[in-house]
Amino acid sequence: MDSCASWSSSSSSETLLGFLLRSKLSSRSCGSGEYTLGLIRECAARELNAFLWISLIAFTAYLVGKVVKLARLWIGGSRIPGPPSPSFYGHCKLISRENLVDVLSTLHEKYGAVVKLWLGPTQLLVSITDEGLVKEMLSKAEDKLPIVGRAFQLAFGRSSLFMPCFDKVQKRRELLEAELNNRLHEKAGVVSTKVLDSIMEKMHLLMSKGSVDSKVLSQHMAFQFLGARVFGEAFLGWSEVTVYEELLMSISKDAYFWASYNVTPFWRWGFWSYQGMCTKLKCLTQKFVQLCKKNYERCCHFDEKPKIDLTAGSSLACSPAMMPDNLVLKELNSQFNSSEEPCANIMGVMFHGCLTSASLIGDIFLRLASNQELQDQIYLEIVTARKLSQKDDYRPFDEMVLLSATIYESARLLPAWPLLQRCSLNGDLHLKSGTTIPAGAVLVVPVQLVQMEGLSWKNDCSEFNPYRFLSRAEKGSLSAQLKGAADDGGSKKGSYVLDDPRNHAAYLPFGYGTRACVGQKFVIHGLATLFASLLEHYEIRLKQGLKGVLKPPLTKGALEQLPSLEMVFVKRNA
């Protein structure tokens, strides 16, 4: 009996009942508070231990994935022609000392049309110059570099128009392109008289000081032209439009610099100053968006004569025929993602459009100011277009083929960006030539090298010759072509036909493929209208003493950025 009792007591201690009995006895002897505290500590320790194991497994899997991805990048990059990496940091020091386009020009001469360049242990740059491969790559590689998305998000917030992944921006890009091109079918054109008057007023203000700075005027023209299209013509009368322009241009200078940090530099005082400007720009944008919406709703409700909104502290006129003609209301009505900031896309369009348009306008000013014969020939086109503008279903833009060719040629010689950048984020890129570019590699096209290639643009590829885009252009120098065109009447309808440069694989200032600039047609038509209005009333000349800067220096294949020039506008005789 004693042994049986002993066994029963021993076995019960190993059961849950025994555990509870011991707990009861322990609680009586030691107190329930201490036991409960110990039980909580034990549970917390077990949960913490489980959390640490799960974290370790997840972090290990993450690192293994990164190592596998890095190994694939190294293996894929080793199969592409190019110089070996001199150190762990790649060719970063070489690029910091020399112009990247010059470096790529030398490498292409040595290794061929496809060249790799290691920028670091995890950064592989692949440059392509062959026309066929460029066209194929731009058609297949639809993603942008992650730094582009970071730059726009850091400055303007989350948007669905400037994300790196093409699948997330495709629908919004298609709608924006359709909206911009829709204006081209209107007889009134893409630039209103109010925009022209505003630009003329700024030009006269600058002329009162003796001369006009080409950079300042180009920036203002791009800002007014695009702002009126995005916000509507009421934008021109906004009392804070000058502050808005200054903020936008200041942010554009540092956007990609702060986005280049892998970790947001909260410790830099300059970063907080930059964020302060971005916050102020957002507030101004939201303020004007609400003002546009408020005025539009009032006009739709009353359908009366134009009114003035005095409560908003602005003298913006409200007209039912004017207010719907902007991208703000259409952007707000077509919101897809509630997590994005409503004004992020609007500010992104202004940011990107002003930068690219201002650069092109400045170069056109230089080309016109340095060639009086070209100005005279374009003036003949403008006079002819003005005479025919009274006809029904007539578009003056169709008559100004030389002016359009001048814009295309200026963009060819000095594109807004020296490198056209793409990326394949989701998979390797397989080209028909047999080259496989690993996922994550930075794909670039040195635009200036491709557009100044003799095989594509003949022997005068480095010269300014707008007649290369006219199908009936005469051969020889530009002066001979202009003289021959003037002798032949020059303004006869149908004498010249403008060739669409987008059909040329080596013409890339507006990009190519699915990620090409959605506003190309809109910008070309708009700039043609702006310069037609200027040249109809003024001659553009360089300030005396600036003849030595007409031809910017050429490097091994890259045209250096043009300087800001002082110009003089001379009134034409009526």
Side-chain angles (χ1 to χ4, degrees), residues 65-92 94-95 100-150 163-170 260 262 415 417-451 453 456 505-508 511-516 557:
K66 286 290 186 180
V67 171
V68 171
K69 185 177 179 179
L70 182 60
R72 292 184 60 186
L73 182 67
W74 286 344
I75 295 173
S78 63
R79 299 170 181 171
I80 302 175
S85 179
S87 65
F88 181 79
Y89 298 99
H91 297 86
C92 290
L94 175 64
I95 296 175
L100 179 57
V101 178
D102 292 337
V103 173
L104 294 178
S105 176
T106 303
L107 294 177
H108 280 293
E109 292 177 359
K110 182 178 180 180
Y111 293 98
V114 181
V115 172
K116 71 176 179 184
L117 195 65
W118 287 101
L119 304 182
T122 61
Q123 294 181 330
L124 174 63
L125 182 143
V126 180
S127 177
I128 304 175
T129 56
D130 181 79
E131 293 181 14
L133 296 179
V134 166
K135 184 176 180 180
E136 181 184 2
M137 184 273 287
L138 294 178
S139 300
K140 293 182 178 180
E142 300 177 332
D143 300 325
K144 286 280 191 177
L145 299 180
I147 188 177
V148 177
R150 289 199 301 269
M163 293 182 181
C165 184
F166 178 73
D167 294 337
K168 297 181 180 180
V169 302
Q170 181 179 5
S260 63
N262 294 326
W417 310 103
L419 296 175
L420 191 61
Q421 302 178 357
R422 292 289 187 273
C423 185
S424 180
L425 299 175
N426 299 323
D428 296 343
L429 189 64
H430 303 279
L431 302 179
K432 294 181 180 179
S433 61
T435 303
T436 299
I437 303 175
V442 179
L443 304 171
V444 300
V445 179
V447 180
Q448 294 171 330
L449 297 182
V450 176
Q451 294 187 154
E453 176 64 39
S456 303
Y507 188 78
L508 303 171
Y512 186 86
T514 54
R515 277 281 192 170

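Quantities reported herein were computed from a predicted structural model and do not represent experimental measurements.
- The line from CG of Leu449 to CG of Asp102 is 8.5 Å long, rounded to the nearest 0.5 Å.
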What donor-acceptor contacts under 3.5 angstrom involve side-chain atoms of residues 72-80, with partners at least two apart or in another chain?
unit_1, atom_1, unit_2, atom_2, d
Arg72, NH2, Asp428, OD2, 3.1
Trp74, NE1, Pro121, O, 2.8
Ser78, OG, Trp74, O, 3.4
Ser78, OG, Ile75, O, 2.6

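- Glu136 pairs by the side chain to side chain donor-acceptor pair (under 3.5 Å) definition with Lys140, not counting sequence neighbours.
- Distance check, rounded to the nearest 0.5 Å: CG of Asp130 to NZ of Lys135 gives 12.0 Å.
- Put simply, the side chain of Val134 reaches to within 4.5 Å of the side chain of Leu508, judged on heavy atoms.
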Chi angles and distances behind the side chain to side chain contact (heavy atoms under 4.5 Å, CB included) call for Gln123, Val442: CA-CA 7 Å; Gln123 294 181 330; Val442 179; 5.8 Å; no
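- Residues Pro146 and Pro164 share a closest heavy-atom pair of CA-CG, 3.9 Å.
- Pro418 places a side-chain heavy atom less than 4.5 Å from the side chain of Val101.
- The side-chain heavy atoms of Leu100 and Leu419, taken from C-beta on, include a pair separated by under 4.5 Å.
- To the nearest 0.5 Å, atom OG of residue Ser260 and atom CD1 of residue Ile147 are 5.5 Å apart.
- Remark: Ala71 engages no residue in a side chain to side chain contact (heavy atoms under 4.5 Å, CB included) (not counting sequence neighbours).
- By the 4.5 Å heavy-atom criterion applied to side chains, Arg422 and Asp143 are not counted as neighbours.
- In terms of heavy-atom proximity, Gly511 sits nearest to Ala516 at C-CB, 3.9 Å.
- Remark: Thr514 engages Glu142, Phe166 in a side chain to side chain contact (heavy atoms under 4.5 Å, CB included) (not counting sequence neighbours).
- Contact annotation: the side chain of Val450 approaches that of Val445 to within less than 4.5 Å [non-hydrogen atoms, C-beta and beyond].
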Could you tabulate the donor-acceptor pairs under 3.5 Å formed by side-chain atoms of residues 434-441, not counting sequence neighbours?
unit_1, atom_1, unit_2, atom_2, d
Thr435, OG1, Ser433, OG, 3.4
Thr436, OG1, His430, ND1, 3.2

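- Remark: Gln451 CD to Thr129 OG1 distance equals 13.0 Å, nearest 0.5 Å.
- Interatomic distance, OG of Ser105 versus NZ of Lys110, reported as 14.0 Å (0.5 Å rounding).
- Checked against Leu420 for a side-chain contact (heavy atoms from CB on, under 4.5 Å), the options Val444, Val447, Leu443 give a single hit: Val447.
- In terms of heavy-atom proximity, Gly112 sits nearest to His108 at O-ND1, 2.8 Å.
- Between Pro83 and Trp118 the shortest side-chain heavy-atom distance does not fall below 4.5 Å.
- Remark: Met137 CE to Leu431 CG distance equals 8.0 Å, nearest 0.5 Å.
- In plain terms, the two heavy atoms of Ser424 and Gly427 that are nearest each other are OG-O, 2.6 Å.
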